[in-house]
Amino acid sequence: MHAAPKDSFVIKPKYAHVEPFNNGVALVANDDMKWGLIDKSGRELIKPQYEITIPTFEEGMVLVSKDGKWGYINQSGKEAIKLIYDQGRSFSEGKAAVKVGHKWGYIDKAGTMKIKPAYYDAGKFAHGRAIVNIAEYKSGIVNHEGNLIHKYDYTIIDDASFDIASRQMDKDVEEPNENFLWSVDHNNRWGFLDKVGNEIIPPTYSSPGTMPSDLESENDGFSEGIAVVELRERYGPFTWAFIDRKGNILTELSAYQIRRDNWISRFVEGRVAFCTGQPNDMKCGYLDKKGKEIVAPKYDDVVDFSEGLAAVKLNEKWGFVNRKGEEIVKPKYKEVIDFANGLAAVMVNDKYGFINKKGAAVIKAKYDAVDEFKDGRAWVSIDNKWGVIDQSGKVIIDLKYGLHFSSMYPTSRVTKSDLIIASKNEKYGFIDQSGKELTEFIYKKLEMPIEGLAAASLDGEKWGFITIPVSTQ
């Protein structure tokens, strides 16, 4: 018998949209996308009435609007700051940017104007600083006292670079490292500022090479201490250089085109991919940080290194090279997936299996689709049914679950609670890491639980919240 019957909703499904619980309350929206606030009993602390751009509480407050004016509600269900502003941003470090007329300033959580509206645009505070536009094409950085501590003859905040700059400054860490730099864009020329806003490298490069918002490690436009930049003005397009964090050019690369995937050119494990030749006949290899060819440009395609090996393609077949450029696995596979947990997925006769770093097959190629290993486990599929195996190939969760409705990857999202969302017959339920089913598979849509309650929908239209039993495994 399943632990969660069909009437397991503790908050009945009646909302068009819901957000996860946060400190005992959740934002919910009706069919008109007007937002309100409920507690865990389902009691409406605020009836749906507000428009919300970002339905997330920041420092206990969420920005809301009504009749064209903006203000803030708190998690007690109170309109904490009256809706009198023309626009606003989320709270950060006790302050929020608000727009009065055509100018931006900053208020505190009591609604007191702490920095008078004087700016063309204003960003969120992070690490004691906020980016502001002081004129149409001039930017600066203010501190909490409202003092303008840096001025720039270019615009940092605009439709494109504001998001980049904000993501770089707004981090979930106590303080970025001392070498942290963030990139700025001025008339399609890129430069770098340090973490307190000092201009370290003026905006002179045609491309930053590495987009900071896409990096997982340093998040600042540099990878492994190096940025890959384009010297278009000096030598023409596709002429690159490596620079350090002081702006020193380490190596100029007039003969190469640095490989870019999703607008990223970056070092991974001390190597950067490059290509050379004519557009219809490019060959690719790898350079080290000094610009030396470690892997000669002889491959049709290459990807970043992972666990000391990189996938390379030659004559429509994939293999792997090491950081010395040695072919550890000759190109012979139709498809491969990068190494993870010491194993890489490879396709043999249109089926996937796994090899080790010596190229030896350790899990037989019998699966129609696979995901990479993580924490010693991988999702695998036969006949569109997914399950989990360990690194020996032993089945941990039977292959009987479907795909996640929003992707072509295995139907799972795992949290620290060890819960997994899985599907059967296009309906969703919860299982644990051993494959034990904790709920019935009756939900058209399902989200991971937060604060003990999971958002769920039976018909895919109306949302409520259910409780999840704890596995006794």
Side-chain angles (χ1 to χ4, degrees), residues 15-39 44-133 142 144 146 156-172 213 450-451 455 463:
Y15 296 106
H17 190 85
V18 297
E19 288 296 313
F21 273 88
N22 184 333
N23 290 326
V25 296
L27 292 163
V28 295
N30 61 18
D31 291 338
D32 296 326
M33 287 306 291
K34 300 296 185 182
W35 291 84
L37 191 69
I38 61 172
D39 64 18
E44 290 186 345
L45 304 178
I46 299 177
K47 291 187 178 299
Q49 59 185 288
Y50 297 109
E51 294 179 7
I52 297 180
T53 303
I54 303 175
T56 303
F57 280 97
E58 298 287 349
E59 298 187 358
M61 307 277 265
V62 64
L63 176 68
V64 299
S65 71
K66 194 174 184 181
D67 299 327
K69 291 295 183 179
W70 296 79
Y72 298 82
I73 61 173
N74 61 26
Q75 291 177 307
S76 298
K78 304 295 184 182
E79 197 171 278
I81 297 175
K82 291 182 178 181
L83 280 66
I84 60 174
Y85 301 104
D86 295 302
Q87 202 172 336
R89 301 198 193 281
S90 299
F91 270 89
S92 178
E93 297 187 357
K95 290 186 176 67
V98 292
K99 189 176 184 181
V100 179
H102 298 289
K103 295 296 180 69
W104 288 80
Y106 290 87
I107 59 173
D108 63 15
K109 290 184 179 180
T112 303
M113 188 68 68
K114 304 301 289 187
I115 300 175
K116 67 179 182 179
Y119 303 109
Y120 281 64
D121 205 347
K124 294 169 63 176
F125 270 92
H127 312 299
R129 304 171 306 281
I131 305 167
V132 295
N133 275 356
V142 296
H144 276 292
I156 297 178
I157 300 179
D158 58 31
D159 290 344
S161 61
F162 170 72
D163 287 340
I164 295 172
S166 294
R167 279 196 293 269
Q168 292 176 82
M169 292 187 72
D170 185 19
K171 297 185 189 316
D172 294 326
S213 59
I450 303 293
E451 296 186 5
W463 288 84

Student: Any carboxylate oxygen within less than 4.0 angstrom of a Lys/Arg side-chain nitrogen, looking at Glu51 and Lys34?
Tutor: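 Looking at Glu51 and Lys34, the cut-off is met.
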Student: Which distance, rounded to the nearest 0.5 Å, do you find between the CG of Asn30 and the NZ of Lys47?
Tutor: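 Interatomic distance, Asn30 CG to Lys47 NZ, rounded to 0.5 Å: 11.0 Å.
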Student: Passes side chain to side chain contact (heavy atoms under 4.5 Å, CB included), Tyr15 versus Ile38? Steps please.
Tutor: CA-CA 11 Å; Tyr15 296 106; Ile38 61 172; 3.6 Å; yes
Student: What distance separates Asn133 CG from Tyr119 OH, expressed to the nearest 0.5 Å?
Tutor: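 It comes to 11.0 Å.
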Student: What heavy-atom pair brings Gly123 and Ala130 nearest, and what distance separates the two atoms?
Tutor: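 Reported closest heavy-atom pair: O-CB, 3.8 Å.
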Student: For Asn22 and Val25, indicate whether the former's side chain and the latter's backbone hold a donor-acceptor pair under 3.5 Å.
Tutor: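 No; zero donor-acceptor contacts below 3.5 Å.
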Student: For Tyr72 and Phe91, take the angle between the two ring planes, folded into 0 to 90°, and tell me which bin it lands in: parallel under 30, tilted 30 to 60, perpendicular over 60.
Tutor: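 Aromatic pair Tyr72/Phe91 classed perpendicular.
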Student: Could you tell me the separation between the CD1 atom of Ile52 and the CE atom of Met33, rounded to the nearest 0.5 Å?
Tutor: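 Separation between the atoms: 9.0 Å.
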Student: Please report the closest heavy-atom contact between Gly146 and Ile115, naming both atoms and the distance.
Tutor: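 Smallest interatomic distance, heavy atoms only, reads CA-CD1, 3.6 Å.
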Student: Of all heavy-atom pairs between Asp108 and Ile81, which one has the smallest distance, and what is that distance?
Tutor: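 Closest pair (atom of Asp108, atom of Ile81, distance): O-CD1, 3.7 Å.
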Student: Rounded to the nearest 0.5 Å, what's the gap from NE2 on His144 to NZ on Lys95? Could you check?
Tutor: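 Here the interatomic distance stands at 5.0 Å.
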Student: With a cut-off of 6.0 Å (strictly less than), are more than 12 heavy atoms of other residues, nucleotides or ligands near NZ of Lys114?
Tutor: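 Open: at most 12 neighbouring heavy atoms sit under 6.0 Å from NZ of Lys114.
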Student: Would you say Leu37 and Leu27 make side-chain contact, with heavy atoms under 4.5 Å?
Tutor: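 Yes, close enough: below the 4.5 Å cut-off.
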Student: Under 4.5 Å between any side-chain heavy atoms of Trp70 and Leu63, yes or no?
Tutor: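 Side-chain contact under 4.5 Å: yes.
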Student: Can you find a heavy atom in the side chain of Ile73 that is under 4.5 Å from one in the side chain of Trp35?
Tutor: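 No - every pair of side-chain heavy atoms lies 4.5 Å or more apart.
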Student: Which heavy atom in Trp104 sits nearest to a heavy atom in Ala122, and how many Å separate them?
Tutor: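 That closest heavy-atom pairing would be CB-CB, 3.7 Å.
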Student: Met113 versus Val98: any side-chain heavy-atom pair under 4.5 Å?
Tutor: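 Result yes, sub-4.5 Å side-chain heavy-atom pair found.
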Student: Drop me the distance from Ile46's CD1 to Gln75's CD, to the nearest 0.5 angstrom.
Tutor: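 It comes to 10.5 Å.
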Student: Show the nearest heavy-atom pair for residues Ser65 and Leu83, with the distance to one decimal.
Tutor: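 So the two residues come closest at C-CD2, 3.8 Å.
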Student: May I ask you to decide if Thr56's main-chain N or O and Glu19's side chain share a donor-acceptor pair within less than 3.5 Å?
Tutor: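 No.
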Student: Rounded at 0.5 Å granularity, tell me how far OH in Tyr85 sits from CD1 in Ile107.
Tutor: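 The OH atom of Tyr85 sits 4.0 Å away from the CD1 atom of Ile107.
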Student: With heavy-atom distances below 4.5 Å as the criterion, would you say the side chains of Tyr120 and Lys103 are in contact?
Tutor: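 With C-beta onward as the side chain, the pair touches.
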Student: For the residue pair Glu59 and Lys109, what are the closest heavy atoms and their distance?
Tutor: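 That closest heavy-atom pairing would be O-NZ, 2.9 Å.
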Student: Check the pair Lys69 / Asp86 against side chain to side chain contact (heavy atoms under 4.5 Å, CB included), numbers first and verdict last.
Tutor: CA-CA 5 Å; Lys69 291 295 183 179; Asp86 295 302; 2.7 Å; yes
Student: Quick check against the 3.5 Å criterion: does Ser92 have a side-chain atom that pairs as donor or acceptor with the backbone of Phe125?
Tutor: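 Answer holds: yes.
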